[in-house]
Amino acid sequence: MEAHQAESQSPMVSRASAKKELPRHFRDNRHVWVFIELERGQVHPVSIELLGEGRKLADKLGVQLAGVVIGTAEGLGVRSAIAEAFAYGADLAYLVESPLLSDYRNEPFTKALSDLVILHKPEILLLGATSLGRDLAGSVATTLETGLTADCTELDVDADGSLAATRPTFGGSLLCTIYTLNSRPQMATVRPRVMATPKRVTHAIGPIIRHDLMMIEEEIVTKVLGFLPDERSEKINLAYADIVVAGGLGIGTAENLERVMLLARTIGGEFGCSRPLVQKGWMEVDRQIGQTGQTIRPKLYLAAGISGAVQHRVGVEGADLIVAINTDSNAPIFDFAHVAVVADAIGLLPALTAAFTRRIPPHNQSMQVN
Ligand SMILES: Cc1cc2nc3c(=O)[nH]c(=O)nc-3n(C[C@H](O)[C@H](O)[C@H](O)COP(=O)(O)OP(=O)(O)OC[C@H]3O[C@@H](n4cnc5c(N)ncnc54)[C@H](O)[C@@H]3O)c2cc1C
């Protein structure tokens with residue numbers, strides 16, 4: 001395994017200095033695979049986003065896109081995962097079904113995915129950078145002794161067909177493009193919402209290739225004794241919210257954050273914050289936006305008292321409309337905001353809330369502030 005880092009701007013120039021022949025036994029590896037993650041029987045949206053990205057890579061390489069589904073025949077989970085894979089662009093699906101795969105456990109999932117890879121030889125394998133995806137990707141990469149680039153923000157293929165996986169490095173101050181030069185598959189994980197959701201194709205179908213999990217329960221050390229849902233996970237849905245209002249240090253005090261929350265509730269959105277507010281204990285970590293927090297892609301992002309440091313920017317630049325309120329007309333956030341408001345956010349937020357309250361019927365205002 002060898003991963004080579006290069007400046008993202010000129011991958012071809014820097015690759016030349018590290019060029020290596022791909023070992024002969026990897027030269028037959030073809031096709032792009034996306035692992036379709038099931039979360040309590042539901043397809044995780046990041047898998048759909050990756051199918052969109054995988055489709056683009058497959059088209060550039062002139063190969064097929066496959067969805068990989070691993071789970072149990074009980075319930076509708078794997079059926080809907082296969083249907084979703086085809087509906088979002090897959091040409092074929094691989095399926096490993098077994099009662100042992102009803103809950104995620106590292107050992108059987110690693111075996112299922114690694115065996116599939118060894119048998120069918122994909123060139124590129126993409127997984128969501130979720131808790132499950134990170135766990136699985138790491139163990140599959142080490143089992144197969146191949147390269148894995150985690151938390152990518154951009155995926156592309158370069159002129160000689162290699163996967164160019166770009167991700168932030170050095171605390172987000174640089175972007176680096178990483179290549180897996182002499183092993184296959186080239187693996188990458190991508191966080192939810194980093195890639196756009198592709199358009200759904202209706203009634204798409206394709207071949208399903210089944211594979212048996214060659215494992216028995218006695219071989220699996222991990223046992224699932226029960227499932228305790230995280231009670232907060234249903235409440236905070238920052239990554240998939242259409243409207244997000246966030247506060248930064250410019251808000252001044254923890255009490256002033258109520259103004260951010262009220263505006264978010266009034267316009268039917270979620271609220272979030274920059275990292276220092278989490279570090280001060282003013283907001284829970286699930287509401288942090290940015291490189292080490294959530295990546296969001298709302299229709300409207302309203303940032304109040306946030307300077308726009310690069311680590312924050314990478315988490316919000318997929319928003320359709322960014323409105324920034326800042327007292328400093330030279331604040332970096334104004335370099336990428338679509339609407340710049342030079343004003344005191346502490347005074348402006350309640351004024352905006354009052355103005356929206358007059359215009360938006362109460363039943364359209366969100367009731368979820370906690
Ligand atoms: C490895 C690493 C990871 C990181 N990850 C993240 C991350 O995920 N998310 C994140 O957000 N940060 C992250 N950071 C921190 C990041 O570098 C910045 O320090 C942080 O984003 C700054 O937060 P801020 O904009 O709220 O505060 P500041 O940078 O202090 O900005 C406050 C802004 O408020 C303005 N202001 C002041 N008073 C008012 C007012 N009354 N009305 C309006 N505006 C006002 C100021 O002009 C200023 O622009 C990370 C840093 C590192 C090193």
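Each ligand, and each atom within it, is numbered from 1 in the order the structure gives.
Geometrically, Arg287 engages Phe271 in a cation-pi contact, judged by NZ or CZ lying under 6.0 Å from the ring centre and within 45° of the ring axis.
For atom 7 (C) of ligand 1, the closest heavy atom belonging to the protein is Gln288 NE2, 3.2 Å. Scanning all protein heavy atoms for the shortest distance to atom 40 (C) of ligand 1 gives Gly250 O, 3.4 Å. Ranking protein heavy atoms by distance to atom 1 (C) of ligand 1, first place goes to Gly171 CA, 3.8 Å. Distance from atom 21 (O) of ligand 1 to its nearest protein heavy atom, with residue and atom name: Ala309 CB, 3.9 Å. Scanning the protein heavy atoms around atom 5 (N) of ligand 1, the nearest turns out to be Thr292 OG1, 2.7 Å. With respect to atom 26 (O) of ligand 1, the closest heavy atom belonging to the protein is Ser274 OG, 2.5 Å. The protein non-hydrogen atom at the shortest distance from atom 32 (C) of ligand 1 is Gly305 O, 3.5 Å. Looking only at heavy atoms of the protein, atom 25 (O) of ligand 1 is closest to Ser307 N, 2.7 Å.
The distance from ligand 1 to the heavy atoms of Gly293 drops below 4.0 Å at these ligand atoms: 8 (O). Applying the 4.0 Å criterion to heavy atoms of Asp344 picks out, from ligand 1, the atoms 40 (C), 41 (N), 42 (N). For ligand 1, the atoms closer than 4.0 angstrom to any heavy atom of Asp328 are 47 (O). Of all the atoms in ligand 1, the ones that sit under 4.0 Å from a non-hydrogen atom of Ala345 are 40 (C), 42 (N), 43 (C). Residue-ligand proximity, Gln291 to ligand 1, at heavy-atom distances under 4.0 Å covers atoms 7 (C), 8 (O).
Of the options Ile346, Asn326, Val341, Ile325, the smallest heavy-atom separation from atom 46 (C) of ligand 1 is shown by Asn326. Remark: among candidates Pro276, Gly248, Gly315, the nearest residue to atom 22 (C) of ligand 1 is Pro276, based on non-hydrogen atoms. Selection from Gln311, Arg275, Arg313 by nearest heavy atom to atom 17 (O) of ligand 1 gives Gln311.
A donor-acceptor contact under 3.5 angstrom links the side chains of Arg191 and Thr295, judged on distance only. Side-chain N/O atoms of Glu145 and Ser183 include no donor and acceptor closer than 3.5 Å. A donor and an acceptor atom, one from each side chain of Thr153 and Thr166, are nowhere located under 3.5 Å apart.
Only one option out of Leu127, Ile124, Thr149 pairs with Met187 in a side chain to side chain contact (heavy atoms under 4.5 Å, CB included); it is Leu127. With respect to Asp135, the side-chain hydrogen bond (donor to acceptor under 3.5 Å, both in side chains) criterion is satisfied by exactly one of Thr110, Asn106, Thr130: Asn106.
Residues Leu101 and Val78 have side chains not in contact (no heavy-atom distance under 4.5 Å, counting atoms from C-beta outward). Counting only heavy atoms from C-beta outward, the side chains of Leu148 and Thr189 approach each other to under 4.5 Å. By the 4.5 Å heavy-atom criterion applied to side chains, Asp151 and Gln291 are not counted as neighbours. Within the 4.5 Å cutoff, the side chain of Met283 has no heavy atoms near those of the Gln288 side chain.
One N or O on the side chain of His338 and one on the backbone of Ile322 form a donor-acceptor pair closer than 3.5 Å.
Heavy atoms of Cys273 found under 4.0 angstrom from ligand 1: none, in either backbone or side chain. When non-hydrogen atoms are compared, ligand 1 lies under 4.0 Å from the backbone of Ile289 (N, CA, C, O) but not from its side chain.
The shortest heavy-atom distance from Ala343 to ligand 1 is under 4.0 Å.
The presence of a protein heavy atom under 4.0 Å from atom 29 (O) of ligand 1 is confirmed.
Close N/O approach between Leu277 and ligand 1 is not found [any backbone or side-chain N/O within under 3.5 Å].
Heavy atoms only, all atoms of each residue included: Gly305 and Ala345 are closest at N-CB, 4.2 Å.
Summarising the local packing, CD1 of Ile205 is surrounded by 12 or fewer heavy atoms from other residues, nucleotides or ligands at distances under 6.0 Å.
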